[in-house]
Novice: 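I'd like to ask some things about the structure below.
Start at 1 with the first residue, then count along the sequence.
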Amino acid sequence: MPLSWNEIKDRSLAFSKEWADESSEAAEAKSFLDDFFHVFGVHRRRVATFETKSKKIDGKDGYIDLLWRSKILIEMKSLGKDLDRAHKQALGYFPGLKDRDLPRYVLVCDFQHFRLYDLDDDTHVQFHLKDLHTHVHLFGFIAGYQSRSFGEEDPVNVKAAEHLGHLHDLLLESGYEGHELELLLVRLLFCLFAEDTGIFQPRQFIDYLEQRTAEDGSGLGSMLSQFFQVLNTPPEKRQKALDEQLDEFPYVNGRLFEESIPIAAFNSTMRETLLDSCALDWSRISPAIFGSLFQSIMDTKKRRNLGAHYTTETNILKALNPLFLDDLRTELDVTLSMKQRKKRIAALREFQKKLANIQILDPACGCGNFLVIAYRELRLLEVKVLGALLGSRVIDISEQILLDVHHFHGIEIEEFPAQIAQVAMWLMDHQMNNLVSEEFGQYFVRLPIRKSPNIIHQNALEIEWEEVVTPQNLTYIVGNPPFVGAKQMNAQQRVEVRDVFAGVKSAGLLDYVTCWYKKATEIMVANPKIHTAFVSTNSITQGEQVGVLWPELFEHNVHINFAHRTFQWSSEARGKATVHCVIIGISLEDVAQKWLYEYETVKSEPQELQVDYINAYLVNGPNVLMARRSVPICDVPVPKIGNKPIDNGEYLFKPSEKEEFLITEPQAEPYMRRWIGGREFINSVDRWCLWLGDCEPRQLKQMPNALQRVKSVRAYRQQSKSKPTQALAETPTRFHVENIPNKDCIVIPEVSSENRHYIPMGILSSDCLASNKLKVLPENNLYLLGVLTSTMHMAWTRAVSGRLESRYQYSITIVYNNYPWPEPNKTQQQRIEATTQAVLDERGKHPDSSLADLYDPHTMPPGLLKAHKALDRAVDKAYRGTKFETEAERVAFLMERYLDIAE
């Protein structure tokens, strides 16, 4: 058991006094360092060696004064010798050491002066022997303590995940797989962490592996099997003849080592990989990284099918902070500021009880990332409370800690991450106990493990959540359910959505994540005090899904208390997945302060806004739900989609293909029309279409190559599994959808980059054919085009349109048909028309640039931007006389107008 910090400080004072008057020589270094390690309660001979031979940088043999492999290298010098030279000498030994033996720390010392280098942080500290007692925390790693800064992402996390991922791959290739492999890895994870955090003695695990197993790996599997049995056996029940080295390991309990699994066969490469993993400083590992570890050892296909997107701590806190942590921190600050001591102490005691009574459920917990971070943050608050309550009083700290892991509940469909989640919670508990030890000067550890997090290996959509935790005991629900879009779900997931939303019309449009909102609402109805926050696909707040999901939730009086609008969510793992998502906090209680987090771009930092109301589109506006409409709510023309051939590419040509075809079929030239889809329109891509729908049969027979393409289209359609497509085979020269213009028309790209301030719309000539990736308005009308390309319409589009990832996906039935158009007077309409023409004229000044070039924010010509600003002012004035200051103000205004018109 590590010494308490108070004991270490007392020993350091005695050590300083004992060696203060010594005119020591290098020959006395062994005694000095033995006593130095004794200060921290460690037998030097157990962890470190003197005079370790190493090949120096000049190729000659050298002898390191003291080496604790992977931890610290110490170079001792006689009193008054040059410590800079000693440091250079110490670094000179590095080339002769194995990578896993390279130390993090280098200490150079002349018996009276200490200089400690931290090679990871590239820092060093120098102090005199008499001041050792004020610097003992620098050497906490010797005693088994390790300070860490919470919230920062540490590169060692990813490195650890990669090491264990490699070991997983080697074992899998050898034929050791499935449940047994997963459980073995989870146990090794625990042991690696235990080695560096005081659960085991320093180097206890790695020494057992190195000293008791052969270099070729033979016997390692059986040794591990016996080792796991020992960890699961109380000392009083262990065999008396048990190997002494094994018997020194503590009793862990927690059922982690209870199950007997087949013995894994290791080879030399596997053994070296495990030893390399041991050499990492696992005290710096965040238990939340276990999610990323799991992701790093899954294959890409499996990860996509499960919808697993494991996350950084920074992103997790975006959900936890506004859900409850911000309020708790504020409450604690207010409590600490109370002037009357008696009232302050009583309030602090009540606050600590409140923390201890919080129970959290993550119903898609994966490897426990959200639960682990939530537990850590609550424990940090409790440490702050105890610091204020206890001050410098000496008291048994173990009796003062109220929080424990049993109030944290999870549901996970996969067994391996469920196991990792449980272990990760124990490890975070131990990290926080180490912090308590440092803060209050007493060693505090919970061994053997007596309480466990409640992690259930089940399908969260097939069990009642009340079976996992009683609603009346539950405080918060939080997590990031699987990111699977409506079109990407497998058959089983579709059945689950249908069952969860039984009786809800158009439920087939919903993403998988919406099921968690529905089930969370049901449990909140059982206890209205529960608050919930989920990370979600952003599509549930856009387009058609809004009108399906949110009426179902609002029927139960659900309120949106906070929301992060669309941002990029990424993980820490190898081959990491990146998605665009939102975070939504809901409850049946209507809170007074609502917070909206806006992002300038999906990669920007959030801007926090306090708002009066947050609607289903995550906008500070009235509670409106846009239904799909077949006709516009205003008196404007109805757009249609462009042409959809269903031709297997037979009628479409690149310029070179067109030229080659016309060489053999020159009579087909009159039937060639420019083919313009969204990509072609925005990027000025040249494509052509062979339109034979109006070709006379006699003429078609005179074009054998064209006729052959018609026959190919007929055959392609006949082979389709779709009956409507099969029917189209009877008219192979016609398109599935036809929109053949007889005049110029307005076109709107269906998909456009979210980085553009304006969707590039325009006028398409009547001699071109629009594809189904363009929305076609059968008018050449400057007023209509002007309003559609204005900032007002863009604000509406950003608020209510669906998205393809984060790109705008323009919908006629949702965006256009629900848009509340202005009612301009004649002068205002003429002004809009004039400024629209000015925009087109500015485009015309750049004939060699595509619309993608012109509307890229970085390359947009100043003249074009100025013309758009003038158009924006003209459209704004058609709505109202006063200026719109923000986009949120525009959207709120448009939604109010929508309500007036639609009702």
Novice: Would you kindly check if the NZ (Lys) or CZ (Arg) of Lys318 is within the cone defined by 45 degrees around the ring axis of Phe567 and under 6.0 Å from the six-membered ring centre?
Specialist: yes
Novice: Among side-chain atoms of Asp10 and Asn6, is any donor-acceptor pair under 3.5 angstrom?
Specialist: no
Novice: Could you check Glu608 against His564 for side-chain contact (heavy atoms from CB on, under 4.5 Å), going step by step and ending with a plain yes or no?
Specialist: CA-CA 9 Å; Glu608 184 182 65; His564 283 262; over 6 Å; no
Novice: Should we count CD of Glu466 as having more than 12 external heavy atoms under 6.0 Å?
Specialist: yes
Novice: Pair Glu350, Lys354 - check salt bridge (charged side-chain N to carboxylate O under 4.0 Å, His left out), show working.
Specialist: CA-CA 6 Å; Glu350 286 303 311; Lys354 177 179 179 177; over 6 Å; no
Novice: About how many Å separate CD of Glu377 and CG of Leu320, when rounded to the nearest 0.5 Å?
Specialist: 7.5 Å
Novice: Compare all side-chain heavy atoms of Leu138 with those of Tyr105 and state whether any distance is below 4.5 angstrom.
Specialist: no
Novice: Ignoring hydrogens, what is the shortest heavy-atom contact between Pro482 and Ala364? Give both atom names and the distance.
Specialist: CD-CB, 4.2 Å
Novice: Can you list the residues that meet the ring pair (Phe, Tyr, Trp, His ring centres under 6.0 Å) rule with His124, with sequence neighbours excluded?
Specialist: Tyr117
Novice: Any side-chain heavy-atom pair from Val334 and Phe351 closer than 4.5 angstrom?
Specialist: no
Novice: Any donor-acceptor pair under 3.5 Å linking the side chain of Glu412 with the backbone of Pro417?
Specialist: no
Novice: Is a side-chain donor or acceptor of Asp511 paired with a backbone partner of Val513 at a separation under 3.5 angstrom?
Specialist: no
Novice: I need the minimum non-hydrogen distance between Phe40 and Ile142, along with the two atoms involved.
Specialist: CB-CG2, 3.7 Å
Novice: Could you tell me the separation between the CD1 atom of Ile373 and the CG atom of Asn321, rounded to the nearest 0.5 Å?
Specialist: 11.0 Å
Novice: Are more than 12 heavy atoms, taken from residues, nucleotides or ligands other than Asp122, located less than 6.0 Å from that residue's CG atom?
Specialist: no
Novice: Taking all non-hydrogen atoms of both residues, which atom of Phe534 and which atom of Ala520 are closest, and how far apart?
Specialist: CE1-CB, 3.9 Å
Novice: Tell me whether Trp426 contacts the main-chain N or O of Val405 through its side chain, where contact means a donor paired with an acceptor under 3.5 Å.
Specialist: no
Novice: Tell me, with the steps shown, if Asp121 and Arg104 meet side-chain contact (heavy atoms from CB on, under 4.5 Å).
Specialist: CA-CA 9 Å; Asp121 294 342; Arg104 174 178 176 177; 3.4 Å; yes
Novice: What heavy-atom pair brings Tyr617 and Thr541 nearest, and what distance separates the two atoms?
Specialist: CD2-O, 3.5 Å
Novice: Listed by chain and number, what are the ring pair (Phe, Tyr, Trp, His ring centres under 6.0 Å) partners of Phe127, not counting sequence neighbours?
Specialist: Phe114, His135
Novice: Any luck finding a side-chain donor-acceptor pair between His407 and Tyr375 under 3.5 Å?
Specialist: no
Novice: Donor-acceptor check, side chain of Ser539 to backbone of Gln542, threshold 3.5 angstrom: yes or no?
Specialist: no
Novice: Quick one: pull up NZ in Lys353 and CD1 in Ile358 and give me the separation to the nearest 0.5 Å.
Specialist: 15.0 Å
Novice: Is Lys594 reaching over with its side chain to a backbone N or O of Leu609, donor-acceptor style, under 3.5 angstrom?
Specialist: no
Novice: List the atom pairs, with distances to 0.1 Å, where a side-chain N or O of residues 525-532 and a protein N or O form a donor-acceptor pair under 3.5 Å, not counting sequence neighbours.
Specialist:
from, atom 1, to, atom 2, distance (Å)
Asn527, OD1, Lys529, N, 3.1
Asn527, ND2, Pro471, O, 2.8
Asn527, ND2, Leu474, O, 3.4
His531, NE2, Glu589, OE1, 2.9

Novice: I would like to know whether Ile199 and Phe190 meet side-chain contact (heavy atoms from CB on, under 4.5 Å); could you show each step before the answer?
Specialist: CA-CA 10 Å; Ile199 297 177; Phe190 180 89; 4.2 Å; yes
Novice: Does Gln359 use its side chain to pair, donor to acceptor, with the backbone of His409 at less than 3.5 Å?
Specialist: no
Novice: Inspect the contact between Arg379 and Asp404 and indicate whether a charged nitrogen and a carboxylate oxygen are less than 4.0 angstrom apart.
Specialist: no
Novice: Could you tell me how the ring of Trp550 sits relative to the ring of Tyr517: parallel (under 30°), tilted (30 to 60°) or perpendicular (over 60°)?
Specialist: perpendicular
Novice: Look at the side chain of Asn434 and the backbone N and O of Thr197, then say whether any donor-acceptor pair between them is shorter than 3.5 Å.
Specialist: yes
Novice: For Ala799 and Val891, which heavy atoms make the closest approach, and how far apart are they?
Specialist: CB-CG1, 3.9 Å
Novice: To check you understand the geometry: which heavy-atom pair defines the closest contact between Val611 and Asn620, and what is its length?
Specialist: CB-CG, 3.6 Å
Novice: Do Trp516 and Trp465 have side-chain heavy atoms sitting under 4.5 Å apart?
Specialist: yes
Novice: When rounded to the nearest 0.5 angstrom, what distance separates CG in Asp281 from CG in Leu192?
Specialist: 11.5 Å
Novice: State, yes or no, whether a side-chain contact exists between Pro622 and Tyr613 at a heavy-atom distance under 4.5 Å.
Specialist: no
Novice: Check the pair Phe483, Val535 against side-chain contact (heavy atoms from CB on, under 4.5 Å), reporting the backbone distance first and the verdict last.
Specialist: CA-CA 9 Å; Phe483 293 172; Val535 183; 3.5 Å; yes
Novice: Got a second to check how far Asn557's CG is from Leu588's CG, nearest 0.5 Å?
Specialist: 7.0 Å
Novice: Will you find, in the side chains of Asn538 and Arg565, an N or O donor that is under 3.5 Å from an N or O acceptor?
Specialist: no
Novice: Return yes when atom CD of Gln610 has more than 12 non-hydrogen atoms of other residues, nucleotides or ligands closer than 6.0 Å, and no otherwise.
Specialist: yes
Novice: Pair Glu885, Arg890 - check salt bridge (charged side-chain N to carboxylate O under 4.0 Å, His left out), show working.
Specialist: CA-CA 8 Å; Glu885 297 294 340; Arg890 292 178 187 275; over 6 Å; no
Novice: What distance separates Asn433 CG from Glu438 CD, expressed to the nearest 0.5 Å?
Specialist: 11.5 Å
Novice: Using a distance-only test with no angle check, is there a side-chain donor-acceptor pair under 3.5 angstrom linking Asn561 and Ser587?
Specialist: yes
Novice: Does any non-hydrogen side-chain atom of Lys384 lie less than 4.5 Å from one of Leu336?
Specialist: yes
Novice: With a 4.5 Å cut-off on side-chain heavy atoms, are Asn454 and Ile456 touching?
Specialist: yes
Novice: Determine whether Met425 and Leu371 make a side-chain contact, defined as any pair of heavy atoms from C-beta on separated by less than 4.5 Å.
Specialist: yes
Novice: Contact between Ile477 and Pro363 at the side-chain level, heavy atoms closer than 4.5 Å - yes or no?
Specialist: yes
